[in-house]
Amino acid sequence: MDEAQFAVLAADELIRRLPAVSPRLGVATGSTPMRLYDELARRSRVGELDLSSAVVVALDEYVGLGPRDAQSYASYVRTRIAEPLGIAPGNVVVPQGDAADPERAAAEFEARITGVGGVDVQIAGIGANGHLGFNEPGSSLESRTRVVLLSDRTRSDNARFFSDGIDGVPRRAITQGLATICRAGSILLLASGTAKAEPLAAALHGPVDVAVPASVLQRHADVTVIADHAAAALL
């Protein structure tokens, strides 16, 4: 399928799972889900969709980046998701990346997720090393929101989003844990590109193992995977 078909299918699947009133939407960042967010914004502009009452919950945030930093996930969620969909700033839940005490900020973020009633549908991607959120290989399958050290592979993969390249990519992040992610009512996993073929196959058909964090999704009762031909090549 092409990018437009990918976006339409993802949007249809997402909307089918969201409750009609005050939905709580978990969002991932990066390039793959942008197609989905653009399609949701298009539907909102033409009056086909109203998510203005939604609560948006981010998966993660870089430690050291404040919400006004253009490279922060708070900025991504605000400018690419919340504002195009007319969602009020008070309904956007993102870890405080520039907190003086990141560990406390992680605990507060976990509490905020519980406070809004949890996530109805979690949009997720998969890293080239099998990570889910910023849960790198070796993460406990029972992990909760916490501060993590990013792998060299993850930092290298994300360097394209930073003007300074890998030198600009923070070394730590606050991420929802694997158990936190799996509390969502349903999960929509998006994957595109040849680099995702091996990790996607391992996550879906390999053993549930900390070596492939995304394999924890096999334990969830409601997971939908949307992948392009390249990412699905080994399935």
Trainee: Evaluate the side-chain proximity of V63 to P170: yes if any heavy-atom separation is below 4.5 Å, no if none is.
Mentor: no

Trainee: State, yes or no, whether a side-chain contact exists between P213 and P137 at a heavy-atom distance under 4.5 Å.
Mentor: yes

Trainee: Just by modelled atom types, is the G30 backbone N or O under 3.5 Å from a matching donor or acceptor in the Y76 side chain?
Mentor: yes

Trainee: Would you say E83 has more than 12 foreign heavy atoms packed within less than 6.0 Å of its CD?
Mentor: yes

Trainee: Applying salt bridge (Lys or Arg N to Asp or Glu O under 4.0 Å), run through D167 and R155 and close with a yes or a no.
Mentor: CA-CA 9 Å; D167 291 338; R155 294 181 65 242; 5.8 Å; no

Trainee: Roughly how far, to the nearest 0.5 Å, is OG of S156 from CG of L150?
Mentor: 12.0 Å

Trainee: Under 3.5 Å, side chain of D228 to main-chain N/O of G193, donor-acceptor pair present?
Mentor: yes

Trainee: Just by modelled atom types, is the H131 backbone N or O under 3.5 Å from a matching donor or acceptor in the E136 side chain?
Mentor: no

Trainee: Mind running side-chain contact (heavy atoms from CB on, under 4.5 Å) on L234 and L200 for me, showing each step along the way?
Mentor: CA-CA 8 Å; L234 301 178; L200 185 63; over 6 Å; no

Trainee: Under the criterion salt bridge (charged side-chain N to carboxylate O under 4.0 Å, His left out), which of R104, R183, R146 is the partner of E110?
Mentor: R183

Trainee: Do F6 and L235 share a hydrophobic cluster, counting only Ile, Leu, Val, Met, Phe, Trp and Tyr and linking them when any side-chain heavy atoms are less than 4.5 Å apart?
Mentor: no

Trainee: Under the side-chain contact (heavy atoms from CB on, under 4.5 Å) criterion, do V77 and V56 qualify, and how do the steps go?
Mentor: CA-CA 8 Å; V77 173; V56 175; 3.8 Å; yes

Trainee: With side chains defined as the heavy atoms from C-beta onward, is the minimum distance between L59 and T175 less than 4.5 Å?
Mentor: no

Trainee: Within the side chain of D222, is there an N or O that forms a donor-acceptor pair under 3.5 Å with the backbone of I187?
Mentor: no

Trainee: Checking the side chain of S52 only, and the main-chain atoms of G86 only, is there a donor and an acceptor separated by less than 3.5 Å?
Mentor: no

Trainee: Output, in order, the C-alpha distance, side-chain angles, deciding distance and verdict of side-chain contact (heavy atoms from CB on, under 4.5 Å) for V148 and R172.
Mentor: CA-CA 6 Å; V148 296; R172 296 188 299 160; over 6 Å; no

Trainee: Would the F162 and Y62 ring centres measure less than 6.0 Å apart?
Mentor: yes

Trainee: Within 45 degrees of the ring normal and closer than 6.0 Å to the centroid, is that where the cationic atom of R80 sits relative to Y37?
Mentor: no

Trainee: What heavy-atom pair brings L217 and V223 nearest, and what distance separates the two atoms?
Mentor: O-CG2, 3.6 Å

Trainee: Quick one: are Q218 and L204 in side-chain contact, heavy atoms under 4.5 Å?
Mentor: no

Trainee: With a 4.0 Å cut-off on N to O distance, would you call E39 and R43 a salt bridge?
Mentor: yes

Trainee: Tell me whether T145 contacts the main-chain N or O of F109 through its side chain, where contact means a donor paired with an acceptor under 3.5 Å.
Mentor: no

Trainee: Return the minimal non-hydrogen interatomic distance between A128 and R153, and the atom names on each side.
Mentor: CB-NH2, 3.0 Å

Trainee: Shortest non-hydrogen contact from T32 to S192?
Mentor: OG1-OG, 2.8 Å

Trainee: Looking at H205, I'd like to know if its NE2 atom is crowded, meaning that more than 12 non-hydrogen atoms belonging to other residues, nucleotides or ligands lie closer than 6.0 Å.
Mentor: yes

Trainee: Does V92 belong to the same Ile/Leu/Val/Met/Phe/Trp/Tyr cluster as I174, with side-chain heavy atoms less than 4.5 Å apart forming each link?
Mentor: no

Trainee: Do you see a donor-acceptor pair shorter than 3.5 Å between the side chains of S151 and T154?
Mentor: yes

Trainee: Flag the pair S53 / I87 as yes when at least one side-chain heavy-atom distance between them is below 4.5 Å, and no otherwise.
Mentor: no

Trainee: Just one of V225, T224, L36 clears the side chain to side chain contact (heavy atoms under 4.5 Å, CB included) bar with E13, so which one?
Mentor: T224

Trainee: Is a donor on one side and an acceptor on the other found under 3.5 Å between the side chain of D120 and the backbone of R24?
Mentor: yes

Trainee: Salt bridge (Lys or Arg N to Asp or Glu O under 4.0 Å) between R42 and E48: does it pass, once the steps are laid out?
Mentor: CA-CA 9 Å; R42 184 196 68 77; E48 295 179 0; 3.7 Å; yes

Trainee: Of all heavy-atom pairs between E61 and P95, which one has the smallest distance, and what is that distance?
Mentor: CG-O, 3.7 Å

Trainee: When you compare the side chain of E103 with that of E108, does any pair of heavy atoms fall below 4.5 Å?
Mentor: no

Trainee: Identify whether Y73 and I113 are in the same connected component of the hydrophobic contact network (ILVMFWY, side-chain heavy atoms under 4.5 Å).
Mentor: no

Trainee: For A58, does its backbone N or O pair with a side-chain atom of Q176 as donor and acceptor, under 3.5 Å?
Mentor: yes

Trainee: Does the side chain of V55 reach to within under 4.5 Å of the side chain of L25, using non-hydrogen atoms?
Mentor: no

Trainee: Evaluate L141 against V208 for side-chain contact (heavy atoms from CB on, under 4.5 Å), listing each step before the verdict.
Mentor: CA-CA 9 Å; L141 302 180; V208 177; 3.6 Å; yes

Trainee: Looking at R160, I want to see if its CZ is surrounded by more than 12 non-hydrogen atoms of other residues, nucleotides or ligands under 6.0 Å.
Mentor: yes

Trainee: Any donor-acceptor pair under 3.5 Å linking the side chain of S143 with the backbone of G177?
Mentor: no

Trainee: Strictly below 4.0 Å, N to O, side chains only: are R17 and D12 in salt-bridge contact?
Mentor: no

Trainee: Has the side chain of Q122 got a donor or acceptor atom that lies under 3.5 Å from a matching backbone atom of L189?
Mentor: no

Trainee: Measure the shortest side-chain to side-chain distance between L178 and S139 over non-hydrogen atoms and say whether it is less than 4.5 angstrom.
Mentor: yes

Trainee: Do the side chains of L85 and L14 join up, straight or via other hydrophobic residues, at under 4.5 Å, putting them in one cluster?
Mentor: yes

Trainee: Looking only at heavy atoms, which two atoms of A28 and P33 are closest? And how far apart?
Mentor: O-CG, 3.8 Å

Trainee: Tell me the closest heavy-atom pair linking S72 and S75, and the distance in Å.
Mentor: OG-N, 3.0 Å

Trainee: Cluster question for you: counting only ILVMFWY and a side-chain heavy-atom cut-off of under 4.5 Å, with indirect links fine, are L190 and I15 together?
Mentor: yes

